[in-house]
Amino acid sequence: MSKRWYQENRRDPWRRQAKSKGYRARSAYKLKQIQDKFQLIRESDVILDVGCHPGGWTQVSVEETGPEGVVIGVDLKSTSPVEGSSIIQGDISKQDTIDRIEELLNGKELNVVLSDISPKLTGRYDTDQAISLELSTMTLDVAMGMLAPGGAFVTKIFQGVGIEGLILAAKDRFTNVQRFAPMASRNASSETYLVCRNRLPKPRKRALGMSAYSQVQKHLTEVGVNVEDDEEKQEIVSGFRRLSKKEEE
Ligand SMILES: C[S@@+](CC[C@H](N)C(=O)[O-])C[C@H]1O[C@@H](n2cnc3c(N)ncnc32)[C@H](O)[C@@H]1O
């Protein structure tokens, strides 16, 4: 193990605690802190954990919802079984993954959709932030298809272009939307969580018939970021498939 890894590990209390309590990832403490603040998960809840690998949030979800609850985890990567949950390996953007989740739900509606979804980081902040925005927005749309009225949605977001569009789309679908940065998110990180509570029975008027995805696309266009693939325009980030800054007129 490298000296740097060893030093970071020693300095990181969440990593140490996670290891000693048997959690698979330090991120388990992020969900615990979200739960302490908002009490989103209740006993017997039906929960979807999107981007669940290696399973830290799934472990916490099973603890919080108890033996009568249902927890489904989904990730691109293969995840070792977590007792008390069902794990699906699949891409949340694909219909066959949604079909498999619905099969497991067997007619039940979800009470909580948790999403710690994150792209494989490239190290280029703009790119990573844009792809993360796209994943979170897509997950919000997935959640809207399966979440019971009154239900809750949490997603990881990275500060940057387009976030306000996602927040507006969330506010059109939930009565209460807040940003929250758990202590367990690293100090230097621009990562935060969007906590959305009390899903409305139907979206507010201006969002009726629109997906969150198209609302965020519209917002990006309004703030001068072009989401179309256009070679003429200067590309600034790839993500939300491909974003380019409009040329000055
Ligand atoms: C930060 S990790 C999640 C950690 C997890 N919450 C835990 O506590 O163990 C983010 C995960 O999102 C997953 N992911 C990214 N894109 C995805 C997609 N399209 N569908 C499903 N999972 C995805 C990644 O494979 C990665 O495992």
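Remember, it's 1-based here, ligands and their atoms both numbered in the order they're listed.
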Mind running side chain to side chain donor-acceptor pair (under 3.5 Å) on Q159 and R179 for me, showing each step along the way? CA-CA 11 Å; Q159 304 292 357; R179 291 187 212 209; 2.9 Å; yes
| message | The test is salt bridge (charged side-chain N to carboxylate O under 4.0 Å, His left out); show your working for R206 and D172 and say whether it passes. | response | CA-CA 8 Å; R206 65 173 172 179; D172 283 338; 3.0 Å; yes
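With a 4.0 Å cut-off on non-hydrogen atoms, P54 touches ligand 1 through its backbone as well as its side chain.
Under the 4.5 Å side-chain contact rule for hydrophobic residues, F180 and M183 share a cluster.
Closest to atom 19 (N) of ligand 1, if we only count protein heavy atoms, is D91 OD1, 2.9 Å. Of the protein's non-hydrogen atoms, I117 CG1, 3.7 Å is the one closest to atom 14 (N) of ligand 1. The nearest protein atom to atom 5 (C) of ligand 1, hydrogens excluded, is given as H53 O, 3.4 Å; this is a heavy-atom distance. Scanning the protein for heavy atoms near atom 8 (O) of ligand 1, the closest one is S27 OG, 2.7 Å. Closest protein heavy atom to atom 16 (N) of ligand 1: L76 CD1, 3.5 Å. With hydrogens left out, the protein atom closest to atom 10 (C) of ligand 1 is D116 O, 3.4 Å, a heavy atom.
By heavy-atom distance, the residue among G51, P119, S118 lying nearest atom 15 (C) of ligand 1 is S118.
Remark: ligand 1 atoms within the under-4.0 Å shell around heavy atoms of A25 are 9 (O). Of all atoms in ligand 1, listed by their number and element, those nearer than 4.0 Å to a heavy atom of G90 are 20 (N), 21 (C).
Salt bridge status for E63 with K32: present, with a side-chain N to carboxylate O gap under 4.0 Å. With salt bridges taken as basic N to acidic carboxylate O contacts below 4.0 Å, one links D12 and R26. Salt bridge status for E191 with K30: present, with a side-chain N to carboxylate O gap under 4.0 Å.
Using a 4.0 Å cutoff on heavy atoms, C52 counts as a contact of ligand 1. Under a 4.0 Å heavy-atom criterion, G55 is in contact with ligand 1.
Counting only heavy atoms from C-beta outward, the side chains of V50 and V142 never approach each other to under 4.5 Å.
At a 3.5 angstrom cut-off on N or O pairs, W57 counts as close to ligand 1. Ligand 1 has a nitrogen or oxygen under 3.5 angstrom from a nitrogen or oxygen of D75. Ligand 1 has no N or O atom lying under 3.5 Å from any N or O atom of D49, backbone or side chain. Of the polar atoms of G56, at least one N or O is found under 3.5 Å from an N or O of ligand 1, judged by distance alone. Any N or O atom pair closer than 3.5 Å counts here, and I92 shares at least one such pair with ligand 1. The N/O atoms of M138, backbone and side chain alike, include none that comes under 3.5 Å of an N/O atom in ligand 1.
For R42, the CZ atom is loosely surrounded, since the number of other residues' heavy atoms within 6.0 Å does not exceed 12.
A side-chain N or O of Y213 and one of E134 form a donor-acceptor pair less than 3.5 Å apart.
Within the structure, the side chain to side chain donor-acceptor pair (under 3.5 Å) test picks out the following pairs touching residues 98-108 (sequence neighbours left out): Q95-D99.
Between Q89 and L76, the closest heavy-atom pair is NE2-O, 3.0 Å.
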